[in-house]
Amino acid sequence: MSTIQFKTNINCGGCIARATPALNEVVGNGHWQVDTQNPGKVLTVNSDTVDESQIRTALNKAGFKAERI
């Protein structure tokens, strides 16, 4: 399983709740997490079937930005 990390603007529990449906649809429940305590608000995705563009598109539709780190 590969891991991809993104710097995001998901910065609170409300933001996570808003992003959850989009991320679960693309990545699957339990295959991602956001560290809101990290200054970069790092999203970590674990998947072999999803690529960077799919994740970024899902986040953009939910109203968030993501930059791969």
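Atoms considered below: every heavy atom in the structure, side chains included; atoms not considered: hydrogens, waters and symmetry mates.
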Quiz item: When rounded to the nearest 0.5 angstrom, what is the spacing between SG in Cys15 and CG in Leu59?
Solution: 11.0 Å

Quiz item: What pairs of residues pass the salt bridge (Lys or Arg N to Asp or Glu O under 4.0 Å) test when at least one of them lies in residues 16-45, not counting sequence neighbours?
Solution: none

Practice problem: Compare every heavy atom of Thr36 with every heavy atom of Cys12, then report the nearest pair and how far apart it is. | Solution: N-CG2, 4.0 Å

Practice problem: Start with the C-alpha gap between Leu23 and Ile55, add the side-chain angles, then the distance that decides, and say whether side-chain contact (heavy atoms from CB on, under 4.5 Å) holds. | Solution: CA-CA 7 Å; Leu23 288 170; Ile55 296 164; 4.3 Å; yes

Practice problem: Rounded to the nearest 0.5 Å, what's the gap from CG on Asn11 to CG on Asn9? Could you check? | Solution: 7.0 Å

Self-check item: Those residues that, when tested against Asn24, pass side-chain contact (heavy atoms from CB on, under 4.5 Å) (two or more places apart)
Solution: Thr20, Asn29, Trp32

Determine all donor-acceptor pairs shorter than 3.5 Å in which one atom belongs to a side chain in residues 42-49; sequence neighbours excluded.
from  : atom 1 : to    : atom 2 : distance (Å)
Thr44 : OG1    : Gln5  : NE2    : 3.0
Asn46 : OD1    : Thr3  : OG1    : 2.6
Ser47 : OG     : Thr49 : N      : 3.1
Ser47 : OG     : Thr49 : OG1    : 3.3
Ser47 : OG     : Val50 : N      : 3.3
Asp48 : OD1    : Ser2  : N      : 2.8
Asp48 : OD2    : Met1  : N      : 3.4

Name each donor-acceptor pair under 3.5 Å that joins a side chain in residues 61-69 to protein atoms two or more places apart or in another chain, with its distance.
from  : atom 1 : to    : atom 2 : distance (Å)
Arg68 : NH1    : Glu52 : OE1    : 3.4

Quiz item: Which pair of non-hydrogen atoms, one from His31 and one from Val27, has the smallest distance, and what is that distance?
Solution: CB-CG1, 3.5 Å

Practice problem: Hey, could you give me the CZ/CD1 distance between Arg56 and Ile4, rounded to the nearest 0.5 Å? | Solution: 11.0 Å

Exercise. Apply side chain to side chain donor-acceptor pair (under 3.5 Å) to Asn38 and list each qualifying residue two or more places apart in sequence or on a separate chain.
Key: none

